[in-house]
Protein chains: 2
Amino acid sequence: MDLGESARISQEKKGRLTIHDLAAAAGVSISTASKALNGTGRMGAETRERVQRVAREIGFRPNALAKGLLSKRSFTIGLLTNDTYGRFTLPLMAGVAEALVDHGVSVFLCAIEDDPALGQVHVEAMLDKQVDGIIATGKRVDRSLPIDLSNLPVPVVYAFTEGTRGSVTFRSDDGHGARLASEWLIAQGRRRLVHITGPESFFSVCERAEAFRAVAGGQAPVVYGDWSEGWGYQAVARLWDEAAEKGQEAPDAIFCGNDQIARGVVDALRERGLKVPTDVSIVGFDNWEIVAAQMRPPLTTVDMELRELGRQAGLTVLALAEGRVVEPGVRTLPCRLVVRES
Amino acid sequence: MDLGESARISQEKKGRLTIHDLAAAAGVSISTASKALNGTGRMGAETRERVQRVAREIGFRPNALAKGLLSKRSFTIGLLTNDTYGRFTLPLMAGVAEALVDHGVSVFLCAIEDDPALGQVHVEAMLDKQVDGIIATGKRVDRSLPIDLSNLPVPVVYAFTEGTRGSVTFRSDDGHGARLASEWLIAQGRRRLVHITGPESFFSVCERAEAFRAVAGGQAPVVYGDWSEGWGYQAVARLWDEAAEKGQEAPDAIFCGNDQIARGVVDALRERGLKVPTDVSIVGFDNWEIVAAQMRPPLTTVDMELRELGRQAGLTVLALAEGRVVEPGVRTLPCRLVVRES
DNA sequence: ATGCACTGAGAAAAGCTTTTCCCTCCGTCA
DNA sequence: TGACGGAGGGAAAAGCTTTTCTCAGTGCAT
């Protein structure tokens with residue numbers, strides 16, 4: 001096999017190594033080399049091992065473009081999002097990547113910022129690159145992306161955004177999250193629960209409010225505002241003033257629609273001289289770690305398990321790409337209560 | 001040309017359209033079709049237009065895999081990061097994508113979470129997919145990713161992370177940012193400036209502290225801690241207690257090392273009954289909008305222009321991929337002061 | 001009428017891998 | 001000894017596009 005020698009020299013030529021180089025270096029034909037690497041075809045065990053060893057030695061890695069051209073699988077998927085700040089997209093993306101990296105699939109991330117034209121450009125770029133599938137995600141479960149993905153030549157999975165009829169959609173079970181939060185507050189011995197949350201126009205807001213009332217009682221107050229810290233702050237003022245006016249007892253537990261609202265709530269309580277959690281227990285929503293874990297006291301909050309959501313979306317789009325059939329419909333995933341000190 | 005008719009029927013076959021379909025539909029050969037689309041070769045204007053029109057009509061888009069196989073350009077780059085929460089990566093990524101989308105380049109995002117093995121896997125996956133280049137980024141300017149990118153067969157550009165010798169590296173000019181902040185505080189008539197910042201082991205921390213002292217005076221206090229809100233809160237307590245002890249006047253301006261510290265600082269001041277900005281002016285760092293803009297009052301802070309950093313990194317890696325020469329070295333970009341109400 | 005230059009367009013190769021089909025060689029059985 | 005089957009390995013096509021040649025035809029000048 002002194003073909004090996006000459007090959008080792010010619011390997012010094014320019015460019016990346018091809019399977020030709022490998023074949024020459026191992027002293028076999030291209031087809032044998034290919035089959036040896038992929039564990040297909042018939043050949044002597046010794047030959048197969050030699051090819052594999054040589055491949056490792058010279059550092060040969062097959063060109064995924066050529067592979068994709070033939071197999072019509074690019075081992076690439078697109079993740080489309082309009083969540084500019086990535087608070088929801090990043091954990092989700094981490095889950096997607098985690099699920100797919102073992103399968104050799106890489107992820108194109110495209111942030112399209114609610115711009116249909118930009119979305120169109122990105123989708124076309126992804127299709128040109130023959131993505132095996134697309135995962136659409138956003139910042140709101142009851143809104144869809146500003147672009148129609150329903151007639152694409154590749155499978156589409158929706159995660160944390162509204163999907164089209166007949167599509168596969170993943171989202172968190174916000175009712176479950178709200179139930180966890182409310183029940184935990186009750187379990188802490190709290191009886192006067194209130195829910196400070198975002199705009200009533202959000203589907204999740206209604207879903208959570210409903211679950212909250214189911215646990216806390218139909219009369220438990222729910223106040224709607226926006227998603228900001230400022231609103232949380234104001235809401236406390238309003239609730240406490242009202243209670244004082246009517247001569248009622250103030251709340252002893254607040255379930256907040258997100259961690260930012262909780263942030264404002266905690267601030268307002270502190271300013272009124274109330275201790276968290278001694279006087280009032282607080283539960284947030286989102287488990288936005290960088291905020292929730294750093295609050296004083298660290299915030300007990302509901303985690304939507306976006307990473308797991310991403311994992312499942314990733315596996316599903318892969319399954320669809322491989323032609324396996326997947327039952328369409330909305331799948332909801334349970335939330336998890338992260339108990340800290342509030 | 002009733003070839004067109006029959007082609008329009010056969011177009012109904014399975015799979016994506018190829019240039020063969022286009023050629024048939026337009027009644028020309030494949031080569032002519034290709035040249036018509038790319039504006040190359042010689043042919044009658046009428047022919048060229050007809051091909052282009054038919055291409056639009058049937059919705060033909062060339063297969064980027066086949067194109068890439070031939071041209072050895074995949075129009076794809078990889079963005080490698082270990083910034084899990086994406087606070088720095090996302091704005092940067094947005095800039096990269098913005099710069100490259102016009103050139104038809106898509107971006108693989110790979111979050112490697114400080115895991116060398118995972119990093120290796122992702123880099124190899126990207127190389128297999130023939131990325132035209134890689135941008136490495138992180139969460140800290142003076143640390144490098146847990147993986148060696150110096151001998152890759154594709155160009156690498158570093159942005160907001162430490163690069164290797166001879167590489168092209170982009171980072172923000174933190175000294176400039178600190179100068180902007182300090183000078184603005186002085187311009188507000190403040191005289192007793194302090195700087196509450198992160199760990200002294202960070203290069204940026206030293207750079208900023210130095211610039212701060214150059215403006216505020218060599219005796220202006222700089223206190224080092226960690227990057228948390230809690231530290232900002234404590235630091236205020238410490239500074240005010242010290243001042244009271246020594247019978248000195250307390251600071252009237254605080255330049256914070258990041259927006260989270262500023263958050264803690266503002267809280268602590270409020271608890272001490274001090275008004276921002278009436279009694280004390282505050283400037284943060286990072287312009288982490290979702291926090292800075294929502295604070296009460298909204299925070300004046302330094303923006304590192306990460307989006308612009310990303311844009312430049314994107315254009316640079318593209319230039320390198322196209323074989324243009326780029327002077328190696330570290331390029332720093334100016335910061336921008338975002339004046340809000342603190 | 002012949003040759004030349006140029007225009008318009010097609011044939012074929014290249015780029016890298018996988019897969020199908022085929023060939024050769026060897027051993028075995030009748 | 002001849003036929004047959006199986007094992008090991010190679011040749012070639014396919015997948016889609018771009019690019020380089022090559023070729024046929026036309027108009028013009030000689």
Side-chain angles (χ1 to χ4, degrees), chain A residues 1 3 11 13-52 54-55 58-75 104 127-130 132 153, chain B residues 1 3 11 13-52 54-55 58-75 104 127-130 132 153:
Chain A
M1 304 286 151
L3 273 174
Q11 164 200 337
K13 73 182 192 316
K14 51 157 119 224
R16 317 245 251 244
L17 297 102
T18 76
I19 201 167
H20 283 92
D21 302 319
L22 171 60
V28 295
S29 73
I30 332 180
S31 17
T32 304
S34 172
K35 285 181 286 196
L37 288 182
N38 295 302
T40 59
R42 287 176 328 204
M43 77 193 59
E46 190 271 338
T47 309
R48 195 179 293 274
E49 277 161 24
R50 175 162 43 90
V51 173
Q52 292 177 346
V54 172
I58 67 174
F60 167 77
R61 314 218 69 210
N63 182 329
L65 260 44
K67 218 171 190 162
L69 188 55
L70 201 53
S71 66
K72 308 202 169 241
R73 288 276 324 268
S74 64
F75 291 91
L127 291 178
D128 288 353
K129 279 155 193 149
Q130 312 290 117
D132 296 333
Chain B
M1 302 287 150
L3 273 173
Q11 164 201 335
K13 72 184 193 312
K14 51 158 119 227
R16 316 246 251 244
L17 298 104
T18 75
I19 202 167
H20 283 90
D21 302 318
L22 171 60
V28 296
S29 73
I30 323 182
S31 16
T32 304
S34 172
K35 285 181 287 194
L37 288 182
N38 296 302
T40 58
R42 288 178 324 206
M43 77 194 60
E46 190 271 337
T47 308
R48 195 180 293 274
E49 277 161 26
R50 175 162 43 93
V51 173
Q52 292 177 345
V54 173
I58 67 175
F60 167 77
R61 313 217 69 208
N63 181 330
L65 262 43
K67 216 170 193 165
L69 188 55
L70 201 53
S71 66
K72 306 199 171 245
R73 288 277 321 271
S74 64
F75 291 92
L127 291 178
D128 288 353
K129 279 156 192 147
Q130 313 291 115
D132 296 334

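Just so we're on the same page: letters track the sequence lines, and every chain starts at 1. Side chains are part of it too, since the values below use all heavy atoms of this structure and drop only hydrogens, waters and symmetry mates. Fair warning: this is a prediction, and the values are worked out from it, not measured in the lab.
- Put simply, B:N63 has no side-chain N or O that comes within less than 4.0 Å of OP1 or OP2 on D:dG15.
- A donor-acceptor contact under 3.5 Å links the side chain of B:S31 to the base of C:dA11.
- Whole-Å rounding puts the B:F75 CZ to D:dT17 P distance at 15 Å.
- At the phosphate of C:dA9, OP1 or OP2 sits under 4.0 Å from a side-chain N or O atom of B:T47.
- Between A:T32 and D:dG9 there is no side-chain polar atom (N or O) within less than 4.0 angstrom of OP1 or OP2.
- Checking the phosphate oxygens (OP1, OP2) of C:dT18, a side-chain nitrogen or oxygen of A:S34 falls inside 4.0 Å.
- With values rounded to the nearest 0.5 angstrom, B:S74 atom OG is found 9.0 Å from B:L65 atom CG.
- In terms of polar N and O atoms assigned as donor or acceptor, the side chain of A:K35 never comes within less than 3.5 Å of the base of D:dG8 in a complementary pairing.
- When the nucleotides C:dG10, D:dA14, D:dA11 are ranked by their closest atom to the side chain of A:L70, D:dA14 comes out on top.
- Rounded to an integer number of Å, the gap from B:E46 CD to C:dT7 C1' is 15 Å.
- Within the 4.0 Å cut-off from OP1 or OP2 of C:dT18, at least one side-chain nitrogen or oxygen of A:K67 is found.
- Distance, A:M43 CE to C:dC23 P: 20 Å, rounded to whole Å.
- At whole-Å resolution of the value, CD in A:Q130 and C1' in D:dC16 are 9 Å apart.
- Without hydrogens or angle criteria, B:R16 side chain to A:D128 main chain gives no donor-acceptor distance under 3.5 Å.
- Atom P of nucleotide D:dT18 and atom CG of B:L65 are separated by 13 Å, given to the nearest angstrom.
- Rounding to whole angstrom units, CZ of residue B:R42 and C1' of C:dA9 are separated by 9 Å.
- Under 4.0 angstrom from either OP1 or OP2 of C:dA14 there lies no side-chain N or O belonging to B:K72.
- The CG atom of B:L22 sits 13 Å away from the C1' atom of D:dC16 (whole-angstrom rounding).
- Five base pairs at each end of the helix from C:dA1-D:dT30 to C:dA30-D:dT1 define two local axes, and these are offset by 80° (rounded to 10°).
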